[in-house]
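Have a look at the structure below, then the notes.
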Amino acid sequence: MLSINDLRASIEGKEILKGINLEVKPGEVHAIMGPNGSGKSTLASVLAGREEYEVTGGSVVFEGKDLLELAPEERAAEGIFLAFQYPVEIPGVTTINFLKTAVNEIRKYKGESPLDAAQFLKMVREKAKLVSMNDSLLKRALNEGFSGGEKKRNEIFQMAVLEPKLAILDETDSGLDIDALRIVAEGVNSLRSPERATIVVTHYQRLLDYIVPDFVHVLYKGRIVKSGPKELALELEEKGYDWIKAEVEAVG
Amino acid sequence: MSTETIDLKTRLITDFHAREAVMNGEASSEFHQKKRAGLARFEQLGFPTIKHEEWKYSNVRDLISVSYDFNAESSIGLAELEDLKVPAQQANILYFVNGRYNAELSTIISPVEKITISSLADAYKNDPARVASYFNELTKDADDAFTALNTAFTQDGVFVHIPDNQSVEHPIILRFVSDAREKNVGSQPRNIISVGKNSHVKIAEAFRTLGEQRSFTNAVTEINVAQEANVQYYKVQNESENAYHIGTTQVRMADRSHFYAGTVTLNGKFTRNNLNIVLDGEHCDAHMYGLYFPDGSQHVDNHTVADHQKPNSESNELYKGILRDKSKGVFNGKIFVRPDAQKTNAFQSCKNIVLSPDASMNTKPQLEIFADDVKCSHGTTTGQIDEEALFYMRSRGISQPEAMSLLMFAFCADVVSQIKIDSVREYLENVITQKLASK
Ligand SMILES: Nc1ncnc2c1ncn2[C@@H]1O[C@H](COP(=O)(O)OP(=O)(O)OP(=O)(O)O)[C@@H](O)[C@H]1O
Ligand SMILES: [Mg+2]
């Protein structure tokens, strides 16, 4: 589904991603962990198409298409979804209006006719229920004045509405209370299917208790320096990153 | 190579005297004396140059470099107006074509036995003394050549007189159409609006142009707001690429009155709006909202004044603009707090999005505060579209142009939502949506 090959990216002349390799197959859940500043959000942003980052080498193929050739909106329409680490506040645009535009733009891209207001509302209500998203939030300006947890929940709600093939969750668990964490995880799990895949960026094992990954990768200084089964996350939780850093430095 | 220089000032003055010569007895009327004083004022001030502090960023050289027919006849009928139409709910609709009232096109539905809504020319015919007594009362101290010029050449416009304790149910919509299909046309509408104690009214002025020749509109509106009255006043300019518009709205507010102004400039080559509000009462509140969208080489200049003369009043101002291409915007907002005006609250904000490196916005808040117990704040921002927001929207599948127009529409929303005449607001929403989608 997703093939990342020796991906390099820099910002303001500084190389952040220094040759990432990652293979994601349909149905899989990959967790990406790693110390602060190692490049996790950068990787997520590059996959979503943020233009500030300059891709200086490598390739990304998604469902047979060269992802790097596509505009962010085309990537979204092809089925990529990024839940932002820091969701953006957009005054004056209601969540519901925003989502309606998004849904219909994606339908247009796929050559489908737009949903009418009734169909859309019905769908949105169901999805809102799925992530216990309060109706009143939908009518408010997108993320404006939302609490940290509400913003994160709104990301998962949008994901539920857009039903992406590949969801990338960038620290969606941070700032969530235990109940919200469970709800968010349930939202993610309810979308799990043999055709869909998820990349979960997190610092904490506790999210992975709910969303059990097939693989865990450690990103450090712009490279994936270690990959392993779900138990690797437990090991990291217990031992921290020093032993990995030491391994990397030893290799040079 | 010879260049023909047309001195518009001399031409206008000559015109005035020629008209005066054939006036007979009317020349001695109070009304005409006021016009004559206006001419003298204009003669003395002359057209402003950019050396004039108030005209530093707005050059009228181009505007006054040609001549205009100020008496152009127009055969305009409903058919031609159809596509200029602002859809209206039940409303009083008065048409002015090239500055003159067109009764055939107009509909007045409010009860005329209670309130006066008529053309200024008709009102003058019926009751010269009454009209003369209101005429140029609020603007008499104006230090502005265009206002003086309008006064000198006042012929028509609207005259609205609302007695005390009337709630005017239907809005009053004034449609000014410049018929510039055949030649350069000029018009100088004069609107006199007097709202009695505890009366309520909504008024909109809409300016349109027909044809490709130049139009020059020099409009003056005087609004007197009596105690406890509530006036909503909107000005919508959607004129041609060759339309020059100078307008002054002069307002006086009495105790406990409320005044709301919305000024929206959708299109026009050169626009200068002066909105001057004198808060001549206690516990009154004035609200000024503005929106402008110049593109190409258009120029939009808004000058506003909130003049607090008495204690305990509030003024509140929000102007917003989106500038494209090589357009220029000017905002100058003055707040005066006179020595007596303790406990004044005055807020002013001007926010702009500049979408092209060749477009520019010049903002100047000007606070002159002579009282000590006041709350005043002002702020201006000029920026680009929020890239973070744009990426967020695109990452959800919304195309760049669609995301841009959503963001810009959102930017305008807090001004548009202030327009309380439904048909006018809906019209604005439509035109703005189209405008934002077109680029
Ligand atoms: N716009 C930018 N300008 C300059 N440097 C940047 C920019 N964005 C990211 N970086 C740098 O790139 C590096 C990687 O940042 P990134 O946000 O990808 O880390 P991260 O792994 O997501 O960290 P965290 O766990 O704290 O979220 C950091 O050193 C960061 O300072
Ligand atoms: Mg991060």
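In the text below, chain A, chain B and the rest are named by the order of the sequence lines, each starting its count at 1. As the structure is a computational prediction, the values presented were derived from the model and not from experiment.
- Comparing A/Ala76, A/Ala71, A/Ser45 by heavy-atom pairs within less than 4.5 Å of chain B, the highest count is held by A/Ala76.
- For A/Glu78, no part lies under 4.5 angstrom from a heavy atom of chain B.
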Fill in: side chain to side chain contact (heavy atoms under 4.5 Å, CB included) assessment of B/Asp386 paired with A/Ile90
CA-CA 9 Å; B/Asp386 180 351; A/Ile90 306 185; over 6 Å; no
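- Using a 4.5 Å cut-off between heavy atoms, A/Pro87 contacts chain B through both its backbone and its side chain.
- Expressed to the nearest 0.5 Å, how far OG of B/Ser395 lies from CZ of A/Arg75 amounts to 11.0 Å.
- When heavy atoms are compared at a cutoff of 4.5 Å, B/Glu387 does not approach chain A at all.
- A 6.0 Å sphere centred on NZ of B/Lys334 holds more than 12 heavy atoms belonging to other residues, nucleotides or ligands.
- Nearest heavy atom pair, residue B/Tyr392 against residue A/Asn143, reads OH-ND2, 3.4 Å.
- Residue contact with chain A, scored on non-hydrogen atoms closer than 4.5 Å, involves the backbone and the side chain of B/Glu388 alike.
- Annotation: B/Gln384, atom CD; neighbour count of heavy atoms from other residues, nucleotides and ligands within 6.0 Å does not exceed 12.
- For B/Arg394 against A/Glu73, the heavy-atom pair with the smallest separation is NE-OE1, 2.6 Å.
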Fill in: Test log, rule side chain to side chain contact (heavy atoms under 4.5 Å, CB included), inputs B/Met393 and A/Glu105
CA-CA 11 Å; B/Met393 298 179 104; A/Glu105 288 261 297; over 6 Å; no
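- Counted within 6.0 Å of NZ on B/Lys351, heavy atoms from surrounding residues, nucleotides or ligands total 12 or fewer; the atom is thus considered open.
- The most heavy-atom pairs under 4.5 Å with chain B, out of A/Val103, A/Leu82, A/Asn97, come from A/Leu82.
- For NZ of B/Lys420, the number of neighbouring non-hydrogen atoms (other residues, nucleotides, ligands) closer than 6.0 Å is greater than 12.
- Remark: B/Lys320 NZ is packed, more than 12 non-hydrogen atoms of other residues, nucleotides or ligands lying under 6.0 Å away.
- Contacts of A/Arg50 with chain B are made by both backbone and side-chain atoms, with heavy-atom separations under 4.5 Å.
- Contact of A/Leu99 with chain B is not made at all, since no heavy-atom distance falls under 4.5 Å.
- Pairing each heavy atom of B/Leu406 with each of A/Val93, the nearest pair is O-CG2, 4.0 Å.
- Smallest separation of non-hydrogen atoms from B/Ala410 and A/Pro91: CB-O, 3.4 Å.
- B/Arg396 places no side-chain N or O within donor-acceptor distance of the main-chain N or O of A/Met159, the cut-off being under 3.5 Å.
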Item to complete: Output, in order, the C-alpha distance, side-chain angles, deciding distance and verdict of side chain to side chain contact (heavy atoms under 4.5 Å, CB included) for A/Val88 and B/Phe391.
Response: CA-CA 9 Å; A/Val88 182; B/Phe391 175 64; over 6 Å; no
